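Just so we're on the same page: letters track the sequence lines, and every chain starts at 1. This is a predicted model, so every value here is computed, not measured.
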Protein chains: 2
Amino acid sequence: MSGVWLRPPRSPGRSGPPLHRERIVAAAVELLDQDGVGGLTMRRLAERLDAGSTTLYWHVTNKDDVLDLALDQIFGEVQLPEQTPDGNWQSEVEALVLGWLAAMLRHPWSAALLGRPLLGPNVLTRTEFLQSALRRAGLVEPDLTAGTHALANYVIGTAVTLSTWQRLDDPEFRQAAQRHLTTQRDRYPTLVASGHLDDRDWADTFRRGLKYLMAGLAARM
Amino acid sequence: MSGVWLRPPRSPGRSGPPLHRERIVAAAVELLDQDGVGGLTMRRLAERLDAGSTTLYWHVTNKDDVLDLALDQIFGEVQLPEQTPDGNWQSEVEALVLGWLAAMLRHPWSAALLGRPLLGPNVLTRTEFLQSALRRAGLVEPDLTAGTHALANYVIGTAVTLSTWQRLDDPEFRQAAQRHLTTQRDRYPTLVASGHLDDRDWADTFRRGLKYLMAGLAARM
DNA sequence: CCAGCTCTAGAACGTTGTTCTAGACTCTAG
DNA sequence: CTAGAGTCTAGAACAACGTTCTAGAGCTGG
């Protein structure tokens, strides 16, 4: 069940096949960017690679493999901030976490794939960075683990929420959702008053939440 | 595109059909609980209701409708805490948020469905409660919106992460994942040292993160 | 009795992920 | 130079899926 990372990769032939994993993953990401999760089928993926659809199964055991690999691939886009030994841990964490969120929003399909174990090298490297930044800042167990999970899960949750609305960029739908809410002002007075579905500055909102979290963490150091 | 909540429901017949939406949704939740998202097909759902598979399409326009309805259904299980007018807002928020997470973990498939707009009455009612609790505690914009989103997204992210591992309860897989990590101790020293994939008390970890977040929010009141 | 609904469901279509199978190509061993 | 064991490609085919089309029950009000 579901683990590209736990299986050894197939050893390549003498001169290397024209269709390697990397090409497959790159094409998969392109396809996902274009048409979302529903747009990625093994046949369309093969077509884009000028290959037979069943050929893919030599390099990859599953469609799940492709999805796992594509997901970890985009986490590789997240730049690791410079480690400042003296330094401000909060700016390190903020930089990483903002980059993380930005990468997921650049590939909105990624949020829908988070329901699979994140064991790829890129994800693990970034989580390692996050936790080590907290440790260097002086956090100890059990706050260290709790802090890491809190930050990571906050990013994940935000990515899920934001990419949902981003993927539905149909303005007609947004308006209908707005109407749906405002016509029930008596049920949801606070939500309506605060414009819960409005298109506000999500980056600022996210950063604020991050500040709350880091403030609470700082108190434990 | 994707909106049961924005379409008016079909008006029922004279004496009410034996196959209403509520029965369909209930059966869908049962099926999802048993076999996960992959186990829910329109044919299996109809079979469980002793109906023709195509009959479902009279009561529901889409499979997406079924998923949207099932998802909102389980949010109805989340109990709204007593509102204490004088009261400790933190205990209110904690009770709601813990109940929210627990409901999603009781139905681990729900996390995989979060990539759709949450516009159902049950979700909106709970979000309204959350935000009104923060408002009553004295939070004002823009912290009010940011706080609501932070809490909601933290729950969502945690639910995604935890239900992923819960769904993969195969101990063999967990062990393989452990080995995968520990054999790369040089790459991920901090993660390995803190037992990142260990089966720890997730409820405590979650509660700790919640405390950080609420502490940061309290400072803004 | 009929007309007009609410509701049911069989047949069928196009797509999907995946397996089975046969064959091509390439390098090494004898 | 030939035989053969990988390495890699891909056509045919299968079961299962979501969904549409269509025909027709069953009931109710006129």
Side-chain angles (χ1 to χ4, degrees), chain A residues 1-4 7-25 27-28 31-32 34-71 109 112-113 115-116, chain B residues 1-4 7-25 27-28 31-32 34-71 109 112-113 115-116:
Chain A
M1 166 87 199
S2 173
V4 225
R7 266 176 274 118
R10 238 196 254 267
S11 57
R14 313 292 169 199
S15 59
L19 195 65
H20 19 268
R21 265 195 180 179
E22 290 160 43
R23 273 193 68 211
I24 295 179
V25 175
L31 217 45
L32 287 163
Q34 269 184 32
D35 305 317
V37 179
L40 177 67
T41 73
M42 295 301 267
R43 281 176 241 258
R44 293 228 303 152
L45 181 55
E47 189 183 10
R48 175 172 284 249
L49 292 161
D50 274 321
S53 53
T54 61
T55 305
L56 297 174
Y57 287 88
W58 176 259
H59 305 274
V60 141
T61 64
N62 245 345
K63 184 182 181 182
D64 274 345
D65 273 20
V66 179
L67 294 174
D68 283 334
L69 292 164
L71 185 60
W109 46 269
L113 301 185
R116 47 190 69 239
Chain B
M1 168 86 198
S2 173
V4 226
R7 265 176 275 118
R10 236 196 256 266
S11 56
R14 315 287 169 202
S15 59
L19 195 65
H20 20 268
R21 264 196 181 181
E22 289 161 43
R23 274 193 68 212
I24 294 179
V25 174
L31 217 46
L32 287 163
Q34 269 184 33
D35 305 317
V37 178
L40 177 67
T41 72
M42 295 302 267
R43 282 176 239 256
R44 292 228 304 152
L45 181 55
E47 190 183 9
R48 176 172 283 250
L49 290 162
D50 273 321
S53 53
T54 61
T55 305
L56 297 174
Y57 286 87
W58 176 259
H59 304 273
V60 141
T61 64
N62 245 345
K63 184 182 181 181
D64 274 344
D65 273 20
V66 178
L67 294 175
D68 283 334
L69 292 164
L71 185 60
W109 45 269
L113 301 185
R116 47 189 69 239

Looking at B/Arg21 and B/Val60, would you say the former's side chain and the latter's main chain have a donor-acceptor pair under 3.5 Å? no
Below the 4.0 Å mark, does D/dT9 have OP1 or OP2 next to a side-chain nitrogen or oxygen of A/Trp58? no
Closest non-hydrogen atoms of A/Leu113 and A/Leu71, given as atom of the first, atom of the second and distance, are O-CD2, 3.6 Å
Output the single nucleotide from D/dG18, C/dA9, D/dA12 whose closest atom is nearest the side chain of B/Lys63. D/dG18
Less than 4.0 angstrom between a side-chain N/O of A/Asn62 and OP1 or OP2 of C/dG17, yes or no? no
When you look at CD of A/Glu22, are more than 12 heavy atoms from neighbouring residues, nucleotides or ligands closer to it than 6.0 Å? no
Which part of the nucleic acid, if any, lies within reach of B/Thr41 when heavy atoms closer than 4.0 Å are counted: base, sugar-phosphate only, or nothing? sugar-phosphate
Rounded to the nearest angstrom, tell me the gap between atom CG in A/Leu67 and atom P in C/dT16. 14 Å
A/Met42 CE to C/dT19 C1', straight-line distance once rounded to whole Å: 13 Å
Rounded to whole Å, CZ of B/Arg44 lies from P of D/dA15 at a distance of 18 Å
Rounded to the nearest 0.5 Å, what separates atom CZ in B/Arg48 from atom CG in B/Leu31? 5.0 Å
Has A/His59 got a side-chain N or O lying under 4.0 Å from the OP1 or OP2 atom of D/dT7? no
Output yes when at least one side-chain N/O atom of B/Thr55 is less than 4.0 Å from OP1 or OP2 of C/dC7, else no. no
Round to the nearest Å and state the distance from A/Arg43 atom CZ to D/dC17 atom P. 16 Å
So how far is it from B/Leu56 CG to B/Thr61 OG1, rounded to the nearest 0.5 Å? 12.0 Å
Answer with base, sugar-phosphate or nothing: what part of the nucleic acid does A/Leu40 contact at a heavy-atom distance below 4.0 Å? sugar-phosphate
Rounded distance in Å - CZ (A/Arg21) to P (D/dT7): 15 Å
Distance, rounded to the nearest Å, where B/Arg23 contributes CZ and C/dT8 contributes P: 9 Å
Round to the nearest Å and state the distance from B/Glu47 atom CD to D/dA16 atom C1'. 13 Å
A/Tyr57 has an atom OH; how far is it from atom P of D/dT7, in whole Å? 22 Å
